[in-house]
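Below: the structure, in structure tokens.
What's counted below: heavy atoms across the whole structure, side chains too, no hydrogens, waters or symmetry copies.
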Amino acid sequence: MFTGIVEEVGKIKAVKHLGKSMELEIQANKVLEGTQLGDSICTNGVCLTVTRLSPTGFSVDVMPETMRKTALGDLKAGSSVNLERALTLSTRLGGHIVSGHIDGTGRICKRHQDDTAIWLHIECDSKILRYIIEKGSITIQGVSLTVVNVDETSFSVSLIPHTQQNTTLHSMLPGDLVNLENDILAKYVEKLLGKSDSSSKLESLLKQGFA
């Protein structure tokens with residue numbers, strides 16, 4: 001599990017394509033501290049297993065299913081990536097609970113500057129959008145963010161200067177593909193209540209003050 005608080009921006013040192021899968025060699029520093037073979041590192045929002053370690057980086061395998069469901073296939077040597085080690089019991093949960101299991105991808109449809117903030121507007125499939133609510137949480141490229149607005153086809157987030165300086169999101173432009181992970185709590189609630197009448201049950205619970 002992760003928090004969506006990026007620890008470091010790493011750089012892709014090499015990409016080795018292996019049919020429908022690939023191997024990534026990632027240059028990093030901070031996330032190497034205490035990391036061992038088999039540990040998980042969230043890379044642009046995707047939970048990946050460390051297969052090799054070196055003094056200056058680590059390697060991971062990206063399987064065909066991950067290639068199909070994420071934007072990792074767009075990476076090339078020189079690309080920057082958001083990195084976060086798995087949380088520990090002593091970790092501050094500064095973002096929200098992130099599994100590193102991507103629900104799908106979205107595409108930046110608009111970007112604009114608002115004083116010191118950068119707004120990103122992202123189009124995505126309705127199966128992802130259904131779990132996104134205003135002032136709720138969303139993970140974009142491994143970054144925990146608060147949703148500002150939602151409409152029928154897209155949602156928007158606002159990047160504070162700290163996020164701009166410490167993640168890759170400042171470089172996102174219209175047309176770019178991004179990895180998205182919904183708030184896991186929303187999916188569990190829907191599953192427990194039953195998909196067919198989850199909306200009416202949720203509304204009833206809210207009226208009773210239980211949710």
Side-chain angles (χ1 to χ4, degrees), residues 1-28 31 35-53 57-87 95-109 122-132 137-145 153-155 167-169 172 175-192 195:
M1 303 297 289
F2 307 90
T3 67
I5 303 299
V6 172
E7 295 185 279
E8 175 183 8
V9 174
K11 192 173 291 292
I12 300 298
K13 190 174 180 180
V15 178
K16 183 178 181 181
H17 291 278
L18 306 166
K20 296 181 180 179
S21 62
M22 68 179 182
E23 180 183 68
L24 297 176
E25 185 178 344
I26 303 171
Q27 184 178 330
V31 299
T35 296
Q36 301 178 10
L37 292 178
D39 284 353
S40 297
I41 293 182
C42 193
T43 306
N44 272 4
V46 185
C47 178
L48 297 174
T49 301
V50 175
T51 58
R52 281 202 297 274
L53 281 167
F58 64 98
S59 296
V60 293
D61 292 323
V62 183
M63 294 296 96
E65 175 67 4
T66 306
M67 296 286 286
R68 288 189 290 267
K69 293 290 180 66
T70 75
L72 292 186
D74 290 343
L75 295 175
K76 55 185 180 296
S79 295
S80 296
V81 288
N82 297 317
L83 302 174
E84 180 192 355
R85 290 168 293 183
L87 63 83
H96 69 286
I97 297 173
V98 175
S99 69
H101 302 154
I102 300 303
D103 290 296
T105 57
R107 195 172 294 278
I108 307 294
C109 58
I122 301 171
E123 292 178 333
C124 60
D125 192 275
S126 59
K127 67 180 181 181
I128 296 175
L129 206 59
R130 67 181 295 170
Y131 299 112
I132 300 176
S137 297
I138 185 75
T139 307
I140 304 174
Q141 296 290 82
V143 184
S144 173
L145 294 166
T153 60
S154 66
F155 68 94
T167 76
T168 63
L169 293 184
M172 296 283 98
D176 287 346
L177 205 62
V178 291
N179 295 320
L180 301 175
E181 181 186 335
N182 290 120
D183 187 343
I184 194 171
L185 296 179
K187 292 181 282 185
Y188 274 115
V189 168
E190 182 183 67
K191 178 69 174 179
L192 290 170
K195 292 184 180 180

With rounding to the nearest 0.5 Å, note down the distance linking [atom1] in [X] to [atom2] in [Y].
| X | Y | atom1 | atom2 | result |
| --- | --- | --- | --- | --- |
| Ile12 | Lys76 | CD1 | NZ | 10.5 Å |
| Ile128 | Ile138 | CD1 | CD1 | 7.5 Å |
| Phe155 | Ile140 | CZ | CD1 | 4.0 Å |
| Leu53 | Thr51 | CG | OG1 | 8.5 Å |
| Thr168 | Lys11 | OG1 | NZ | 10.5 Å |
| Asp176 | Arg107 | CG | CZ | 8.0 Å |

*May I ask you to say whether Lys187 pairs ionically with Glu190, meaning some side-chain N is under 4.0 Å from a carboxylate O?*
no
Closest approach of [X] and [Y], non-hydrogen atoms and distance?
| X | Y | value |
| --- | --- | --- |
| Lys69 | Ile102 | O-CG2, 3.8 Å |
| Leu129 | Cys124 | CD1-SG, 3.6 Å |
| Asp183 | Ser137 | CB-O, 3.9 Å |
| Ser80 | Val9 | CB-CG1, 3.8 Å |
| Leu83 | Ala28 | CD1-CB, 3.8 Å |
| Arg85 | Thr35 | CD-OG1, 3.8 Å |

*For side chain to side chain donor-acceptor pair (under 3.5 Å), just list the numbers for Ser59 and Glu23, CA-CA rounded to whole Å, side-chain angles, deciding distance to a tenth of an Å, and then say yes or no.*
CA-CA 7 Å; Ser59 296; Glu23 180 183 68; 5.1 Å; no
I'd like to check [X] versus [Y] (side-chain heavy atoms, cut-off strictly below 4.5 Å). Are they in contact?
| X | Y | value |
| --- | --- | --- |
| Leu180 | Thr139 | no |
| Ile97 | Met1 | yes |
| Ser144 | Phe2 | no |
| Lys20 | Met67 | no |
| Val178 | Thr105 | no |

*asked:* Determine whether a donor-acceptor pair (N or O, by modelled atom type, separation under 3.5 Å) exists between the side chain of Glu181 and the backbone of Ser99.
replied: yes
_Between Asp103 and Asn182 (side chain of the first, backbone of the second, donor and acceptor by atom type, cut-off under 3.5 Å), is there such a pair?_
yes
*Tell me, yes or no, whether the heavy-atom count around Lys16 atom NZ, taken from other residues, nucleotides or ligands under 6.0 Å, exceeds 12.*
no
Return all side-chain donor-acceptor pairs below 3.5 angstrom for residues 41-50, not counting sequence neighbours, or 'none' if the list is empty.
{"unit_1": "Thr43", "atom_1": "OG1", "unit_2": "Ile41", "atom_2": "O", "d": "3.4"}
{"unit_1": "Asn44", "atom_1": "OD1", "unit_2": "Asn82", "atom_2": "N", "d": "2.9"}

*Identify the residue among Val31, Val60, Leu75 that makes a side-chain contact (heavy atoms from CB on, under 4.5 Å) with Ile26.*
Val60
*Could you walk me through whether Asn179 and Leu72 pass the side chain to side chain contact (heavy atoms under 4.5 Å, CB included) check?*
CA-CA 8 Å; Asn179 295 320; Leu72 292 186; 4.2 Å; yes
